[in-house]
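Encoded as structure tokens, the structure appears first; notes follow it.
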Protein chains: 2
Amino acid sequence: MVSSLEIENRSLHDQVVSKVRDLIIEGILEPGSRIDEADLIQKLGVSRTPFREALRTLAAEGLVIVRPSRGSTVRKLTTEDVFSMLEVLGHLEQLAGELACQRASDQDIAELVDLHNRMMTRYAARDRMPYYKMNQEFHSRLTALSQNQPLQEMQANLQARLKRIRYIGNEKPEYWAGAVADHEAMVAALKERDGPRLGQAMATHIKNTWERVKDSL
Amino acid sequence: MVSSLEIENRSLHDQVVSKVRDLIIEGILEPGSRIDEADLIQKLGVSRTPFREALRTLAAEGLVIVRPSRGSTVRKLTTEDVFSMLEVLGHLEQLAGELACQRASDQDIAELVDLHNRMMTRYAARDRMPYYKMNQEFHSRLTALSQNQPLQEMQANLQARLKRIRYIGNEKPEYWAGAVADHEAMVAALKERDGPRLGQAMATHIKNTWERVKDSL
DNA sequence: ATCATGTATTTTGTATACAAATAGAAAGTA
DNA sequence: TACTTTCTATTTGTATACAAAATACATGAT
């Protein structure tokens, strides 16, 4: 009898990829900075071969830039990059919202509403970090309800790449309040399974996100 | 004086990636089949290290599956994969169409209309392969007019992965005629810069693509 | 001082060697 | 015969060594 069917196959490659990805997303490796191979393989305790394979994966994900013969750097997003990515993300989440209304079970929706309510509790207490994390999860899980795997993957990729930038968006109290209002509208539409309205609400939410972050870039 | 600023930096990695990608897209490496490392590195004349790095890139693009300790295979798309990917592609091209109407220059549009006209000449002569290639180019170039880089990348990725499948869609004469009608509608909207209508036309076109290919899967 | 040129050092890229894991074949057992 | 079990051959994964390129530095000319 096997206890965990979940954790199977965490290859070294996957481990290195997710560790380095985290270092980038958390900002420990700064955008634009050189990736010091010698230093990192030492810290991670792996050799160059798997590390370099991991860099290729991260480059394909858009987190790392590999310039031939001159090493790798953490990809730095321009203002235009962020705008473009949010434009696409908003549109993808619009689709996700519409599909979720068609395909999610009542229980799926109830669980998401519950997550939303817990988020609102955090907002009431102005616990910024827990709210932020729940927010990421809310978007991921709503997208998952679309039952569309490629859509989920693309949403996850964009969300990861924009993670640090979006944290900025809740800095000003009035911005945070705006994001909360967006979420209320989204959840109201979701409860009624009004796909077009939820789609619109999600697209609007991402458009507003741009308004909330653009001046900090 | 330098004559080509374009071709710079075709690293070995990039070359191997595009060669293997082509082998997969052309169907020379069959979906589901094992990728014989020894055989391919011999044919490509490279060693295992750069070849395996290329596999990681292709895996991140979704063309290859790497199962730890049991090698790589060409990713085989399920019917559901194709449906999901077309669902997303249609939605992305809808966005691309809307943005193109807002952002493209008159000349950009004229050039695309010209490509369309050349396509129609091919259709009149029932030259299937040239039509097919021009069709791929039409979708790529229309997407490029969105001036949104991540959108282009995602469209290109989905289009590449679906390339072989979509070729099927023009097999029946009435299906081909349907695709041509879709394109006429798209070009009409583009000429008038009617973004919402073009977006709708593109989304519809991809939905119809699904109807045209689904029974062959 | 500035710039160019040449040299040393470091970093990156690729091949290969070795270790580990897997799949396949052969032999044994029920 | 079906089912293990063991052994072997092959394939895969990782480390390392060597080659090639780029960068940093020093020297000398203008």
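All chains are named by letter (A, B, ...) in the order of the sequence lines, taking the proteins before the strands, and each is independently numbered beginning at 1. On a predicted model such as this, the values are computed, not experimentally measured, just so you know.
At whole-Å resolution of the value, CZ in A/R34 and C1' in D/dA22 are 10 Å apart. At whole-Å resolution of the value, CG in A/D39 and P in C/dT10 are 16 Å apart.
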Residues 28-41 of chain B, side-chain donor-acceptor partners within the protein, below 3.5 Å, at least two apart:
unit_1, atom_1, unit_2, atom_2, d
B/S33, OG, B/E30, O, 2.6
B/D36, OD1, B/A38, N, 3.2
B/D36, OD1, B/D39, N, 3.2
B/E37, OE1, B/R48, NE, 2.6
B/E37, OE1, B/R48, NH2, 3.0
B/E37, OE2, B/R52, NE, 3.3
B/D39, OD2, B/K43, NZ, 3.0

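Residue pairs meeting the ring-ring contact (aromatic ring centres under 6.0 Å, His included) criterion with at least one partner in residues 12-54 of chain A, sequence neighbours excluded, do not occur; the list is empty.
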Between the protein and nucleotides 14-24 of chain C, list every N/O to N/O distance that falls short of 3.5 Å.
unit_1, atom_1, unit_2, atom_2, d
C/dA15, OP2, B/S47, N, 2.7
C/dA15, OP2, B/S47, OG, 2.4
C/dA15, O5', B/S47, OG, 3.2
C/dA15, N7, B/T49, OG1, 2.7
C/dA15, N6, B/T49, OG1, 3.4
C/dT16, O4, B/T49, OG1, 3.4

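Take B/E153 and apply the salt bridge (Lys or Arg N to Asp or Glu O under 4.0 Å) test, not counting sequence neighbours, and it matches no residue. Remark: A/E80 pairs with no residue by the salt bridge (Lys or Arg N to Asp or Glu O under 4.0 Å) rule, at least two apart or across chains. Qualifying salt bridge (Lys or Arg N to Asp or Glu O under 4.0 Å) partners for A/D114, counting only residues two or more places apart in sequence or in other chains: A/R118.
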